[in-house]
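Before any comments, here is the structure.
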Amino acid sequence: MTHEDFKQAYSTDEVGRFKIVVRRGANDLLTNREKLETRALFVERNCLLIIVPAPILVLCIRKLRTPKPYDYAEFTIGKHLAGILRSVLGMTQAPPFRLKRK
């Protein structure tokens, strides 16, 4: 994502301060530029922008068809969100994502 994409994401504050962006590409990891822009957006504008790579979303949608003892999509997205909160935003007090057993 470019700086212009981030600028467009935070320019519309009337829809809320939590935004999810789906990024196309083969890489599941966030680039250093995306990490810096996300951190700056959180600190300066008090807006949380979560970048979800398309391959993660594709895996979650595929797993919806097969019944599992746990919800794969919830587990994967939760893990991704917890990773962003800890590594990108530096929230060391963020609770670890735990799988709820039934």
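Side-chain contact between Val52 and Arg23 is absent, with no heavy-atom pair separated by less than 4.5 Å. In this structure, the side chains of His80 and Pro53 come closer than 4.5 Å at one or more pairs of heavy atoms. No side-chain heavy atom of Ile20 sits under 4.5 Å from any side-chain heavy atom of Ile51. With a 4.5 Å cut-off on side-chain heavy atoms, Leu49 and Phe42 do not count as touching. You'll find the side chain of Ile77 stays beyond 4.5 Å of the side chain of Phe75, heavy atoms only.
Under a hydrophobic clustering in which Ile, Leu, Val, Met, Phe, Trp and Tyr are joined whenever their side-chain heavy atoms come within less than 4.5 Å, directly or via other members, Val58 and Val22 fall into different clusters.
Residues passing the side-chain contact (heavy atoms from CB on, under 4.5 Å) test with Arg33 are His3, Thr31, Glu37, sequence neighbours excluded. Leu81 meets the side-chain contact (heavy atoms from CB on, under 4.5 Å) test with Ile50, Leu85; sequence neighbours excluded.
Shown here for Ala54 and Arg24, the closest heavy-atom pair between the two residues is CB-CA, 4.1 Å.
Put simply, OH on Tyr72 and CG on Leu64 are 11.0 Å apart, with the number rounded to the nearest 0.5 Å.
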